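All remarks here apply to the structure that follows.
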Amino acid sequence: MDLYLLEAIINGILLGGVLALLALGLNLIFGVIDVVWISYADIVMCGMYGVYFLYAQYHLPLPLAFLLAILGSACLGVLVHKLIIAPVLNAAPLNQLLATGGLLFFLQSFATLLFGTDFRNIGVRLPVLEVASMYLSFARLIAFGVALVGAFALYFFLKKTYVGTAIRAIAQDREIVGLMGIDQRRIYLVVSAIGGALAGLAACLLALQYDVHPFIGNTFGPVIFMICVLGGLGNMLGGFFAAFIISLIIAIGGYYWSTELSYVLAFTFFIVLMFIRPRGLFTP
Amino acid sequence: MNINRILILIGLALLVALPFVAAAYFMHLVIQILIWAFIYTAWSLMGRFGFVSFGHGAFMGLGAYIPALMWTFWGVTPWIGIPIAVAAAVLLAVIVGYPCFARRVVGHYFALVTLALSQVVLLSLTAARDITGGSLGFTQKAVGHSWYALQFPEKTYFYGIAVVLWLAGLVIWQRIDRSISREALEAIGEDEDAAAAVGIDVMYQKMRITMISAALTALGGAIYGQYFMYLNPETVSGITVSLQIVFAAIAGGVYAMFGPSVGALLTLALTEGLRVWFGTEFIGAANTIYGILLVLCIIFMPQGVVGALQGLKFRRTPQGKSVRRISEA
């Protein structure tokens, strides 16, 4: 097998880890609150700016900057829920979609207003690993590892804790949980905070690899929705696997053609698969 | 002669009088408003029945790029290029629409599939940078005043074209609004199975409205391309344009004939006004406020501006005639 192709595939899988993390966050929010955050990738953008300013401008230690960025993103998630989602909770799904779409416009333009359209890099240079004469990005390796740890942490939180059980209960039947003594509104806030925190975690991992600019959300936002829908909206395990399928397509397509065409391939693959399995790949 | 007739006549008189009194900048704005109003109306033909497409950026992109590329590289007149572009958009609508409807891809799933479609066209246009100039954009070959090339440096001509286009869009809207198809599509929008059970050909109705909507959107895109001469993938296709179309149409109101046009007028007046107000020092300020207003509009006025006004009007009529709110769609 072509060594460069193998390298592309491995890097693709590594990127899939971060996408899987984002898909988890989006799916969690959809599964519990039943709202698709079109602007989810722009929360990541905010988190990346947070990392950039805390670390590169104010010279905080990197772990502290990461922690603050994750906390900030979690607060942002709560804020989004309080200000935008809560008022449209009983509106038509389309209106909910559009309300978060308006947020997308707002966040992108506000970031442009505050920071300009410059590409900014936090300036952390991580070494490139050479394994069997293949070059693997260390940043991606870390991102992959942390994303997996994050995913498993979320899994255990949902399975083992009281709040996690309540969250799963709401996802199953939102009518009945009130009778079980669960305060829906509080759970919604918790879920929004977790969703925001996952976006913040992804932001930290992406900040190591990419420059941040106000429209970075547009580059991988649509890909995340695609992954979630492919896995079945609300199906976390499905989304997790779909992330790797899509990132592999992008990696292999990018190796043979160009980056744009690899995305065209991934989107086309998505459209065709939706015709074959309209409720997602892993939904029976 | 009823009051509506008089209002329409006054409106037409104003439209005819405008080029004789207005400044060039103002004309430029009005032309843009009319072209966008046409495209938003085309989207609303589907959107009003709950078929929310985020893929109209794809149709607009095809409509704008195909005639411009054919003219610049092969010297083919837009009079041939535009019909080809419209046909291509309809073909794309069939290729994606038919399986979507056959496999019952609806709601969120339909919105996100069509979103992927508009990204496919955006990225394909960007990837073909040898021909289209990629994200740097593309300026078509200019020849000055020419009917053959459909290029007019003088704004009056495009004003005329835009007015005719816009009026044609309204006529199509009204014909569909008054046809039996509208009843059928409303039934489909509420419950596909029930609609099929009472004998409505669900596939035929959905395909027809989708094809009409795609064709008109491509036509609007083509005229946009002829007017601006400069095209950029980001401004005629992709997620941003698709969202822009959906937002403006919803903001104006998709259930009323003039709703999408009011949406075009308001959004363009707003962005342009904010742009002038803030100047070029604060890039993004205009869109920041625009974004806030969009969110507020969706939260507090989900049936759009015209819908809200009509709601007030109809609530006073004794027959109990009411306008369907979007939240019921």
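A quick note: this is a predicted structure, and the numbers were derived from the prediction, not measured.
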Distance check, rounded to the nearest 0.5 Å: [X] atom [atom1] versus [Y] atom [atom2]?
X: A:Phe215; Y: B:Glu234; atom1: CZ; atom2: CD; result: 9.0 Å
X: B:Ile292; Y: A:Phe106; atom1: CD1; atom2: CZ; result: 4.5 Å
X: B:Leu243; Y: A:Leu104; atom1: CG; atom2: CG; result: 6.5 Å
X: B:Leu115; Y: A:Ile271; atom1: CG; atom2: CD1; result: 9.5 Å
X: A:Phe105; Y: B:Ile289; atom1: CZ; atom2: CD1; result: 15.0 Å
X: A:Glu260; Y: B:Arg129; atom1: CD; atom2: CZ; result: 4.5 Å

Taking all atoms of both residues into account, what is the closest heavy-atom pair of [X] and [Y], and its distance?
X: A:Phe267; Y: B:Ala116; answer: CD2-CB, 3.7 Å
X: A:Pro87; Y: B:Ile299; answer: CB-CG2, 3.6 Å
X: A:Phe275; Y: B:Val96; answer: CZ-O, 3.5 Å
X: A:Phe225; Y: B:Leu112; answer: CB-CD2, 4.0 Å

- request: Report yes or no: does B:Arg103 contribute a side-chain atom to a donor-acceptor pair with the main-chain N or O of A:Arg277 at less than 3.5 Å?
  value: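 Not confirmed, B:Arg103 side chain does not pair with A:Arg277 backbone.
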With a 4.5 angstrom heavy-atom cut-off, is it the side chain or the backbone of [X] that approaches chain B, or both, or neither?
X: A:Leu83; answer: backbone
X: A:Val88; answer: side chain
X: A:Phe30; answer: side chain
X: A:Phe270; answer: side chain

Contact origin within [X] toward chain A - heavy atom pairs under 4.5 Å:
X: B:Val52; value: side chain
X: B:Ala111; value: side chain
X: B:Tyr98; value: neither

- line: Most heavy-atom pairs under 4.5 Å with chain A, out of B:Ile298, B:Leu296, B:Thr288, B:Thr240, belong to B:Thr288
- request: Tell me, out of B:Leu117, B:Leu293, B:Leu123, who's got the most heavy-atom pairs with chain A below 4.5 Å.
  value: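 If we count pairs closer than 4.5 Å to chain A, B:Leu123 comes out on top.
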More than 12 foreign heavy atoms under 6.0 Å from [atom1] of [X]: is that the case here?
X: A:Arg186; atom1: CZ; value: no
X: A:Phe53; atom1: CZ; value: yes
X: B:Tyr230; atom1: OH; value: yes

message: Below 4.5 Å, heavy-atom pairs only: which of A:Gly221, A:Pro214, A:Pro222 has the largest tally toward chain B?
response: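 Option with the top pair count is A:Pro222.
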- prompt: If you tally heavy-atom pairs under 4.5 Å against chain B, which of A:Leu97, A:Ile38, A:Thr100, A:Leu261 wins?
  reply: A:Leu97
message: With a 4.5 Å cut-off on side-chain heavy atoms, are B:Tyr109 and A:Met274 touching?
response: yes
